[in-house]
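Structure first, then comments.
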Amino acid sequence: MDQFSADLFAQYRSHYTGGLARLASGAVFPSGYQSHAASETCPGHSTIMTGMRPARTGVIANNWIDQSVDRPKKVVYCAEDVTKTAADPKDYVASVGHLLVPTLGERIKTAMPASRNVAVAGKDRGALMMGGHVLDEVYWWKGRGFASLEGRPLAAAAVNQNKALGTMLASGAPAMALPAGCAPQDRAVSVATANGASSFTVGTGRFALAPGEGAAFRASPRLDRATLDLAAELVRAMKLGKGAVPDVLSVSLSATDYVGHAFGTAGAEMCIHMHQLDAALGDFLKALDAEKIDYAVVLTADHGGFDLPERLGAQALPAAQRAGAALLPEALSAVVAAQTGVEPKGLILSDGAGGDYWVRRDLSPEQKSKVVAAARAELARHPQVAATLSAGELAAMPMPSGSPETWTLAQRARASFYAPRSGDFYVMLARGVVPIPSPGPGYVATHGSPWDYDRRVPMLFWRAGMAGFEQPSPVETVDIAPTLAAWIGLAVPGGTFDGRCLDMDSGPGDTCGTK
Ligand SMILES: [Zn+2]
């Protein structure tokens with residue numbers, strides 16, 4: 001579940017009656033960590049099925065700057081094929097090529113070639129980063145229907161699903177009812193655009209869908225229901241789980257993230273969505289039950305999330321604020337150029353406020369170190385900046401270990417650092433700073449920080465007949481792959497994973513095979 005923070009799980013846990021209630025009756029880890037600093041979708045998904053942190057998966061962010069790519073646009077999307085995208089700058093060719101390591105589904109296929117590896121998601125990067133390079137079927141939502149990798153024909157399940165969704169999108173859909181427990185959240189919050197010229201409200205939405213509104217469909221519970229319907233249809237059609245060896249189905253439910261970005265985490269919209277998703281997940285698990293297969297489920301998230309500062313300020317967190325425009329690369333370039341005498345155009349590059357920053361590559365080594373030093377000094381004076389680290393400082397650090405909630409900010413950044421792709425320096429904004437300087441309809445709140453509201457996610461494991469337990473101590477999402485590997489008896493060489501196997505047997509038994 002994209003952007004399903006530990007905070008959302010805690011807030012809604014007592015309200016779940018469907019699929020989330022069932023999963024919460026298994027092994028519950030309420031403090032799972034996407035332990036790295038760059039708490040974005042692509043890095044987060046890359047940890048879940050590989051058991052490795054972004055420093056090893058190579059997926060350092062959703063977007064990074066690569067000044068060597070042979071096209072005018074130097075921003076590289078984590079799930080694009082750069083060599084093919086140049087031909088069509090308005091679109092891109094989806095690819096998992098940037099993921100440097102195999103996923104669990106690929107490891108199982110290598111050991112047991114009859115195994116199938118399938119991925120379905122609302123976002124291409126969600127499906128590809130969990131599925132990996134060798135996939136039997138892979139689908140994601142693309143504008144008006146589910147799509148797959150270039151050159152792959154759609155299976156009948158996807159064709160049928162697209163037909164049904166096409167009819168629904170054309171005719172629109174009614175508003176959703178407000179569940180009884182959501183009344184306290186049903187309050188309008190006003191958000192002013194950057195120049196204060198206009199404002200709009202969030203907090204009271206009901207997901208009514210006007211005919212032809214693909215974008216509104218995406219930021220609604222309907223996207224997750226469609227994703228789960230397609231996943232269930234693929235399970236039936238491919239007879240997943242009915243062969244002699246285990247199959248892997250990775251599903252990324254993206255709507256929580258779209259709802260969070262568009263409406264924040266604490267309004268009526270998220271409350272309605274949580275109820276709808278709980279019900280859809282319940283129906284999905286019932287569809288698996290009907291297949292009479294032995295299956296294990298793990299549910300987690302790629303990162304957490306944070307509400308919009310306008311509502312946080314009204315709800316006892318006045319310290320929350322929007323990032324200032326001085327943190328953006330254009331403003332920083334102008335200041336640093338004036339201090340160093342270097343031409344300002346494109347001097348400092350980044351994908352927004354905070355995270356990785358790059359320096360223009362035509363500078364001499366002396367100019368470059370002068371520019372990096374001046375930029376970091378300027379940022380250090382900014383009240384919204386918590387820490388900056390140079391690539392050299394990060395490269396010299398050992399990989400962090402120990403409990404992730406006690407890691408320093410530098411250690412969190414180290415777990416996101418991969419030298420060939422990472423920036424010349426890394427910037428972490430202060431707690432409570434939302435890196436959206438100019439909000440607009442559809443984009444008011446986000447994630448991406450090294451703080452626990454963005455790093456902490458639930459990890460729920462469930463299998464029929466297992467005795468549930470709750471382990472509140474912090475664990476990591478990189479523990480998921482070794483846990484599943486051991487559960488199905490897949491031998492993996494020591495040192496492969498950054499995480500550890502979690503014992504799913506609450507009694508004297510041990511699914512990790514170490515006792
Ligand atoms: Zn995400």
Side-chain angles (χ1 to χ4, degrees), residues 2-3 38 40-46 49-50 54 57-101 103 118-135 137-154 158 162 165 169 214-215 217-219 223 226-227 230 250 252-255 257-258 261-262 302-303 329 346 349-352 355-356 358 361 416 418 420-423 442-443 446-448:
D2 201 310
Q3 206 189 119
E40 295 185 338
T41 296
C42 223
H45 278 91
S46 83
M49 294 299 273
T50 66
T57 69
V59 184
I60 58 161
N62 283 346
N63 299 293
W64 57 85
I65 312 280
D66 181 351
Q67 298 177 70
S68 72
V69 294
D70 186 20
R71 63 180 189 192
K73 184 174 162 239
K74 303 301 180 189
V75 177
V76 171
Y77 172 54
C78 64
E80 73 165 322
D81 181 337
V82 174
T83 62
K84 291 184 181 164
T85 302
D88 182 4
K90 289 203 189 97
D91 195 8
Y92 60 88
V93 174
S95 161
V96 72
H98 289 127
L99 179 67
L100 302 178
V101 294
T103 62
V118 176
V120 185
K123 299 179 183 175
D124 51 11
R125 56 189 182 277
L128 292 168
M129 294 298 149
M130 289 203 294
H133 314 77
V134 185
L135 285 153
E137 294 283 351
V138 57
Y139 295 102
W140 58 85
W141 180 254
K142 189 176 181 185
R144 310 205 62 77
F146 284 96
S148 189
L149 289 167
E150 197 178 53
R152 285 194 178 216
L154 301 193
N162 284 349
L165 289 168
L169 284 173
F217 166 79
R218 204 176 67 161
L223 172 64
T227 306
L230 176 55
S250 300
S252 180
L253 301 169
S254 310
D257 187 64
Y258 289 127
H261 284 306
D302 54 344
H303 51 76
L349 307 160
S350 79
D351 185 38
D356 284 293
W358 290 259
R361 69 170 179 164
S416 280
Y418 174 65
R421 291 179 189 158
S422 289
Y443 194 52
T446 193
H447 48 85

**Study point:** side chain to side chain contact (heavy atoms under 4.5 Å, CB included) between E80 and S95, intermediate numbers included
**Key:** CA-CA 5 Å; E80 73 165 322; S95 161; over 6 Å; no
Shortest non-hydrogen contact between [X] and [Y], atoms and distance:
{"X": "G352", "Y": "P329", "answer": "O-CD, 4.2 Å"}
{"X": "S416", "Y": "I60", "answer": "O-CG2, 3.2 Å"}
{"X": "S250", "Y": "G131", "answer": "OG-N, 4.5 Å"}
{"X": "I65", "Y": "V75", "answer": "CD1-CG2, 3.8 Å"}
{"X": "R125", "Y": "C78", "answer": "CD-SG, 3.8 Å"}
{"X": "L128", "Y": "A94", "answer": "CD1-CB, 4.1 Å"}

For a 4.5 angstrom cut-off between non-hydrogen side-chain atoms, does [X] reach [Y]?
{"X": "H133", "Y": "T103", "value": "no"}
{"X": "L230", "Y": "T227", "value": "no"}
{"X": "H98", "Y": "V76", "value": "yes"}
{"X": "M49", "Y": "M129", "value": "no"}
{"X": "H303", "Y": "P43", "value": "no"}
{"X": "R71", "Y": "V82", "value": "yes"}

Rounded to the nearest 0.5 Å, what's the gap from [atom1] on [X] to [atom2] on [Y]? Could you check?
{"X": "L149", "Y": "D124", "atom1": "CG", "atom2": "CG", "answer": "9.0 Å"}
{"X": "Y258", "Y": "Y443", "atom1": "OH", "atom2": "OH", "answer": "12.0 Å"}
{"X": "L154", "Y": "F146", "atom1": "CG", "atom2": "CZ", "answer": "11.0 Å"}
{"X": "S254", "Y": "W140", "atom1": "OG", "atom2": "CH2", "answer": "12.5 Å"}
{"X": "T83", "Y": "D70", "atom1": "OG1", "atom2": "CG", "answer": "10.5 Å"}
{"X": "K74", "Y": "D66", "atom1": "NZ", "atom2": "CG", "answer": "8.0 Å"}

Salt bridge between [X] and [Y], side-chain N to carboxylate O under 4.0 Å?
{"X": "R421", "Y": "D356", "answer": "no"}
{"X": "E137", "Y": "R152", "answer": "no"}
{"X": "K123", "Y": "E40", "answer": "no"}

Exercise for review: Under the side chain to side chain contact (heavy atoms under 4.5 Å, CB included) rule, what do R144 and L165 come out as? Steps first, then yes or no, please.
Suggested key: CA-CA 8 Å; R144 310 205 62 77; L165 289 168; over 6 Å; no
Review point. Going through the checks in order, is the side chain to side chain contact (heavy atoms under 4.5 Å, CB included) test met by Y418 and L100?
Key: CA-CA 11 Å; Y418 174 65; L100 302 178; 3.4 Å; yes
**Study point:** Side-chain (N62) to main-chain (C42) donor-acceptor, under 3.5 angstrom
**Key:** yes
Practice item. Begin with the C-alpha distance, continue with both residues' side-chain angles, and end with the deciding distance and a verdict on side chain to side chain contact (heavy atoms under 4.5 Å, CB included) for V138 and M130. Key: CA-CA 10 Å; V138 57; M130 289 203 294; over 6 Å; no
Point to revise | Donor-acceptor pair between H45 and D2 side chains, under 3.5 angstrom | key: no
**Study point:** Aromatic ring proximity W141/F217, centre distance under 6.0 Å
**Key:** yes
